[in-house]
Number of protein chains: 2
Amino acid sequence: MNETNNWAEALRTRNLKATTNRVGVLQTIEEFDKAIPHSKIQDRLQKVDRVTLYRTLNSLIESGMIHKVSVENDEIFYAICSQKCTTEEHNHQHVHFKCTNCNEVSCVQSNSIETLNLPGYKIESFEIQAKGICSNCS
Amino acid sequence: MNETNNWAEALRTRNLKATTNRVGVLQTIEEFDKAIPHSKIQDRLQKVDRVTLYRTLNSLIESGMIHKVSVENDEIFYAICSQKCTTEEHNHQHVHFKCTNCNEVSCVQSNSIETLNLPGYKIESFEIQAKGICSNCS
DNA sequence: TTTTTAAATGCAACATTGTTGCATTTAATA
DNA sequence: TATTAAATGCAACAATGTTGCATTTAAAAA
């Protein structure tokens, strides 16, 4: 989230040029309050070249400004990073939830996520993907 | 797991014809004790048509004999269902773990998985994907 | 403000992954 | 052994993602 909506500033902070495309992509993702599918970003930014969109999304992920959300084998979704993610590490403490009714995908904060423990395994990161009925639909 | 390795019988039980291709796919997945990437199944069964492999994998998933394992945006992996999965429902109580050292993906049983709870959301199923160092590599 | 320059972009071409239709083959049943 | 519905293989297509390269643009220097 970026209260002042000054994505240009946020981009420069991370040593990325504040181009029209990048700001447009960030605004598009932000406006959609759920996680937004790749195709929907492209639909809303038809002037942006397909290849450029791929490269833009990758650089924003790399810089820790957005993250991918994949649930099942669906299309890939994207969401703004609400935590302090960096180039070095994305660190999300939320569940990626897909509603089987409205098909929307969202990042849901959970205070019940504690660390995962698998004897013999050294866990660096983990992610929870859930399916069910979202609060809007139930 | 199928002790007698009689996959033909298991297929007929589920009203699937016990074809050479299907038995071959099941054996290939079983032999690889980790989850096996799609491309590796194809490599080992070069005589099987590409399209047939896709359709075979789908029917085996549909029948509850195997399940997909996807971690991050990698290639899709497959594993034999060790639980009593059915056409109606796959029901796995394990973590999908990807080792960042050897890149192998495995299904790891965990007794620490309890139900996930998100206030306002009705959770039908959830899956945990973890990354780190596996027991072999550490 | 203008010039410089490295990063970002757009385009064409390619690569990979997954799907559909249809004629042929095969496993299971009669 | 004959029958038949399911499974297969092939060709063609569709969707998704990548690479190389010439052009444009944002940011910094002059």
Side-chain angles (χ1 to χ4, degrees), chain A residues 6-29 35-63 65-78 87 103 105, chain B residues 6-29 35-78 87 105:
Chain A
N6 191 352
W7 287 116
E9 184 59 29
L11 283 161
R12 285 187 210 101
T13 300
R14 304 194 187 228
N15 294 317
L16 290 180
K17 280 193 183 179
T19 65
T20 308
N21 283 344
R22 286 191 179 141
V23 172
V25 168
L26 285 165
Q27 284 178 342
T28 303
I29 297 175
I36 185 171
H38 184 116
S39 62
K40 196 159 280 187
I41 303 174
Q42 182 72 82
D43 285 350
R44 299 187 178 193
L45 298 171
Q46 302 196 351
K47 283 167 296 185
V48 179
D49 182 75
R50 225 168 63 78
V51 175
T52 300
L53 181 53
Y54 278 108
R55 291 197 267 226
T56 299
L57 290 168
N58 284 338
S59 66
L60 295 179
I61 290 169
E62 172 63 19
S63 75
M65 300 183 78
I66 66 174
H67 63 278
K68 282 191 182 182
V69 181
S70 54
V71 178
E72 306 229 285
N73 306 292
D74 278 352
E75 192 181 354
I76 294 175
F77 289 65
Y78 296 89
T87 303
N103 288 319
V105 173
Chain B
N6 192 351
W7 287 115
E9 184 60 30
L11 284 160
R12 286 188 209 101
T13 300
R14 304 196 187 225
N15 294 317
L16 291 179
K17 280 193 184 179
T19 65
T20 308
N21 283 344
R22 285 189 180 143
V23 172
V25 169
L26 285 165
Q27 285 178 343
T28 303
I29 297 175
I36 185 171
H38 183 117
S39 62
K40 197 160 280 188
I41 303 175
Q42 183 73 83
D43 285 350
R44 300 188 177 193
L45 298 171
Q46 302 196 350
K47 284 167 298 189
V48 179
D49 183 75
R50 225 169 63 79
V51 175
T52 300
L53 181 55
Y54 278 108
R55 291 198 267 227
T56 299
L57 290 168
N58 284 339
S59 65
L60 295 178
I61 290 169
E62 172 63 19
S63 75
M65 301 183 77
I66 66 173
H67 63 278
K68 281 189 184 184
V69 180
S70 54
V71 177
E72 305 228 286
N73 307 290
D74 277 352
E75 190 180 356
I76 294 176
F77 288 65
Y78 296 90
T87 303
V105 174

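Lettering follows sequence order; numbering is per chain, from 1.
For C:dG10, its base sits under 3.5 Å from the side chain of A:Arg55 at one donor and acceptor pair at least. Side-chain N/O atoms of A:Arg50 and base N/O atoms of D:dG17 include a donor-acceptor pair closer than 3.5 Å.
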Next on the checklist: Please evaluate residues B:Arg14 and B:Thr87 with respect to the criterion side-chain contact (heavy atoms from CB on, under 4.5 Å), reporting the C-alpha separation (whole Å), side-chain torsions for both, the decisive distance (0.1 Å), and the verdict.
Outcome noted: CA-CA 9 Å; B:Arg14 304 196 187 225; B:Thr87 303; over 6 Å; no
Next on the checklist: Quick one, A:Ile41 with A:Leu57, criterion side-chain contact (heavy atoms from CB on, under 4.5 Å). Give me CA distance, side-chain angles, the key distance, then yes/no.
Outcome noted: CA-CA 10 Å; A:Ile41 303 174; A:Leu57 290 168; 4.1 Å; yes
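Of the two residues near DNA chain D, A:Leu16 and B:Leu16, the one whose nearest nucleotide lies more 5' is B:Leu16. When each of A:Thr20 and B:Val51 is assigned the nucleotide of DNA chain C bearing its nearest heavy atom, the one mapping closer to the 5' terminus is A:Thr20.
Between the CD atom of A:Gln42 and the P atom of D:dA15 there is a distance of 14 Å, rounded to whole Å. Atom CG in A:Asn15 sits roughly 16 Å away from atom P in C:dA6 (whole-Å rounding). For A:Ile76 and C:dT16, the CD1 to C1' distance is 14 Å, given to the nearest whole Å. Spacing between atom CG of B:Asn58 and atom C1' of C:dT19 amounts to 10 Å, rounded to whole angstrom units. When the C1' atom of D:dG17 is taken as reference, atom CG of A:Leu57 falls 12 Å away, rounded to whole Å. When rounded to the nearest whole Å, the span between CG of B:Asp49 and P of C:dT19 equals 14 Å. We find that CG of A:Asp74 is positioned 11 Å from P of D:dT16, with the value rounded to whole Å. A straight line from OH of A:Tyr78 to C1' of D:dT16 spans 11 Å, rounded to a whole angstrom.
The CG atom of A:Asn21 sits 11.5 Å away from atom CZ of A:Arg55, with the distance rounded to the nearest 0.5 Å. Separation of atoms CD (B:Gln27) and CH2 (B:Trp7) is listed at 9.0 Å; rounding is to 0.5 Å.
Side chain of B:Lys17, nearest nucleotide from D:dG17, D:dT8, D:dA7: D:dA7.
Side-chain N/O atoms of A:Thr19 include none lying less than 4.0 angstrom from OP1 or OP2 on D:dA26. Contact between the side-chain N/O atoms of B:Thr56 and the OP1/OP2 oxygens of D:dT8 is found at a separation under 4.0 Å.
In this structure, the side chain of A:Gln42 engages the main chain of A:Val48 through a donor-acceptor pair within 3.5 Å.
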